[in-house]
Amino acid sequence: MNIKKTVTLSAIALFLIAASVWMGRVSYSWFPPQASAEAILYDDLFSILTAIGTFIFLGVTLAIGYNIIFHRAGRYDTSDGPPIEGNLRLEILWTVTPLLIVIGLAAASYQTYDKMNLHGATEIAHLPQVMESAYADTGITTEPMTKIEVDSKQWAWVFRYPEKNVTSTELHLPVDQRAHLKLRSQDVIHGFYIPAFRVKQDIIPAKTIDFEFTPIREGKYRLRDSQYSGTYFAAMQADVVVESPEDYDRWLNQAAKQTPTPAPNQAASEYAKREQKEDSAGWQTVVPAPAPMVNYHP
Amino acid sequence: MTVTSNPEQLIPETPPNWRKYFSFSTDHKVIGIQYIVTAFFFFLLAGVFAMIMRGELITPEPDLLDRTVYNGLYTMHGTIMLFGWTFPVLSGFANYLVPLMIGARDMAFPRLNAAAFWMIPVVGILLILSFLVPGGPAQSGWWAYPPQSLQNPTGNLINGQFIWLLAVAISGVSSIMGALNIVTTIVRMRAPGMGWFKTPAFVWTVLAAQLIQLYGLPALTAGAVMLLCDLSVGTAFFDPAQGGDPVLFQHFFWFYSHPAVYVMVLPVFGIFSEVFPVYARKPLFGYKIVAVSSLIITGLSGIVWVHHMFASGTPGWMRIVFMASTMLISVPTGIKVFAWVGTIWGGKLRLDTPMLFALGGLINFVFAGITGIMLSSVPIDIHVNNTYFVVGHFHYVLYGTIAFGIFAGIYHWFPKMTGKMYYEGLGKLHFYLTFAGTALNFLPMHPLGLMGMPRRVASYDPEFAFWNVLASLGGFLLGISTIPFILNMVSSWTSGKPAGNNPWKAIGLEWLVSSPPEHENFEEIPIVIAEPYGYGKDEKLTENLGG
């Protein structure tokens, strides 16, 4: 290999590495705010994957681009290229390298998964099994707080706080405490999904699914149904309020004093409007559950 | 086999002109073109559905369509694109090319072949008619997850979901028949001298894909029939209210429907492997390992399905096992990608339309592969599962890679199929519009998914508006991009310049016969003496027909 070639290849490699590291940094800006401990772990892993992905993508497209620019056949050139049929060393290299990369990625993913400690549906028997390591230096209480029951139905979310017997259509959570939810569905499969927390779990009817995560940032976020559930699927959303433990207690006590009233429900009101019009443009739909009666609604 | 023993009695006469395409012809070339043209009709129809959906999604509010209509459209878009376009058009390529490429006069079972094809229009007509039944077409997506898909608000026995399941089951039977035929043909009917390592890469990939059909489709078809029984007869396989298990259906469904993506993408890999050597004027780099890697994909693709169910309530050990198996698939596909880059490396590139589509498809596929690896990582998937990130990844595979490969194949073999040359200018215009439209339509879906926009929604929060507007404009651009294609195909077929037997100076048995090939292809069966990609080597492909 002569010097010119070495310099060129090194420059390209440096460029690729710089671009990949830069993309890895930029990737943090593609997400909603990091509102849970899981989100921090998540975004770090995604950043690594983005950097590696950028390296591979740019490497391959640069190689293709180089040949498009410098190895075009001349206009009247009908000759063939060199009859190179393969290169065993290269072929072994590009089999083994991806293999090593994916083993590394699988290991990194497993580690993150382990730290996030998201429970699958069939691990209920082992609860609670919180990984102390993930929170060792964050000062977060790892003992799960009071369990909140999440009832999903076509098309509403209702949250029940059994300790004060409070129901709400807005999910309130104290900051820096591990939340423990019991997910249930009354009809079809729904998906419990809070993008700012990077967590998701399908809710299978006739099952109760335990689900844990740790909010770490006060604010208002969005809960969305993530498993298609029929006509008003897109409207099945709720607000999630993460607040200081004092505010949370105040809210809970306040809510406990209120008598249940019907909460506004987008599916129910859209359906009512649709029923009034005689010549509805749509097809027959499953009738939405009536607006839920709750102690608190926004 | 009764194919040639007494053709007058057993096989109806094939009409000589255009009418043959409307007959129960048993000529594999006629059936191939029947598949391709029929599929293209469904491509346009499902494409119109997509553009209406993008029209709804250009604003956050559900203002263009009723929600039920949106849900019906997205369900039918996916269903028709898969069962009406992608599978049939690739069956068309396999039908047309495999016998020619292996030096056979027809498929092993010509009448089975015709019967399998004629089930496709039935499937399509059923799906279209389902718009007319009370309650409209199925509105449960192409996954049809119970119990949502069992809800049937009309209460009628004949409802959209019922027709949908019937159509899927018929399509499954048709595909199993086709797979049996194609596998038999490839295994039994290769020309003398064509050992496995003298067989073209496209034939290898078709074999790999059709083997998946044989092991996977029975699971899906059985799942569909069980769901049909739950819906119409009152069984409770999947209905949790009666003690059934809805997650079981997801296993039935994904056991086939993930490998199904490989059924679709493998032949496209084959098209890439055929196109790159011709337009780079170099042998396919590492041909043998490229060929074998297809079968490795066939094997691996059968043990990855649970990666679609990471958020479904799967136990932790299962998530980890399926993450590992899914990531492993990137090794054989990586081998192919690097081999294609090796093929064009230092070649004499000719950027005709087929090459442009193949290169564009390759770049899109590398991108799709990277987001695919991300999705296979369990913690990553937990957040982006069922969001637009997946929709973006999926369309980079299905459109950016598979449709690009199909267009590359259509332009590459158009001279062979019709005997006419297409118009290069229109072809290039088609490519540039398609490439731009694909990026504009499907790239914005990735940030949308990372931000947390779920898929299958008819309305969304205003924070997602910006990227949705871009995606919608891209969708309309893709609609426009088909216009030069249609113009090109129609005008070239009717009044293009004669192409001659081998306009690309390509190596392969199909290029040794006339364009279009005569009935039964080869007067004399070729005797193959060389590997399929002898570019730059100045060697003969066959002993008796030259090449």
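In the text below, chain A, chain B and the rest are named by the order of the sequence lines, each starting its count at 1. Because the structure is a prediction, the values reported are computed rather than measured.
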Q: Name the region of B:P332, side chain, backbone, both or neither, that has any atom closer than 4.5 Å to a heavy atom of chain A.
A: neither
Q | Minimum heavy-atom distance between B:R350 and A:S79, given as atom pair plus value | A | NH2-O, 3.7 Å
Q: Against chain A, label B:W143 side chain, backbone, both or neither, depending on which of its atoms sit under 4.5 Å from a heavy atom there.
A: side chain
Q: Give the ring-plane orientation class for B:H383 versus A:F31, where under 30° counts as parallel, over 60° as perpendicular and anything between as tilted.
A: tilted
Q.
Is B:V247 close to chain A through its backbone or its side chain, or both, or neither, when contacts mean heavy atoms under 4.5 Å?
A. side chain
Q | Test applied, side-chain contact (heavy atoms from CB on, under 4.5 Å); reference residue, A:I64; option that passes from B:I344, B:L349, B:V366 | A | B:I344
Q.
Given heavy-atom pairs under 4.5 angstrom as the criterion, report whether the side chain, backbone, both or neither of B:I289 touches chain A.
A. side chain
Q.
Report which part of B:L359 has an atom under 4.5 Å of a heavy atom belonging to chain A: side chain, backbone, both, or neither.
A. side chain
Q: Could you tell me which portion of B:F338 (side chain, backbone, both or neither) has an atom closer than 4.5 angstrom to a non-hydrogen atom of chain A?
A: both
Q | Test salt bridge (charged side-chain N to carboxylate O under 4.0 Å, His left out) applied to A:E85 and B:K282, step by step | A | CA-CA 8 Å; A:E85 296 193 299; B:K282 274 181 68 199; over 6 Å; no
Q. Roughly how far apart are B:K505 NZ and A:D80 CG, rounded to 0.5 Å?
A. 6.5 Å
**Q.** Contact origin within B:I370 toward chain A - heavy atom pairs under 4.5 Å
**A.** side chain
Q: Go through the atoms of A:S27 and report whether side chain, backbone, both or neither lie under 4.5 Å from a heavy atom of chain B.
A: neither
Q: Work out which heavy atom in A:S109 is nearest to a heavy atom in B:M323; give both atom names and the distance.
A: CB-SD, 3.5 Å
Q. Can B:Q148 and A:Q154 be counted as having a side-chain donor-acceptor contact under 3.5 angstrom?
A. no
Q. Looking at the rings of B:Y74 and A:Y228, which for Trp means the six-membered one, are their centres under 6.0 Å apart?
A. yes
**Q.** Ring centers of A:W94, B:F285 separated by less than 6.0 Å
**A.** yes
Q) Where on B:L65 is there a heavy atom nearer than 4.5 Å to chain A: the side chain, the backbone, both, or neither? A) neither
Q. Checking heavy atoms, do the side chain of B:Q250, its backbone, both or neither come under 4.5 Å from chain A?
A. side chain
**Q.** Residue A:F46 versus chain B: region with a heavy atom under 4.5 Å
**A.** both
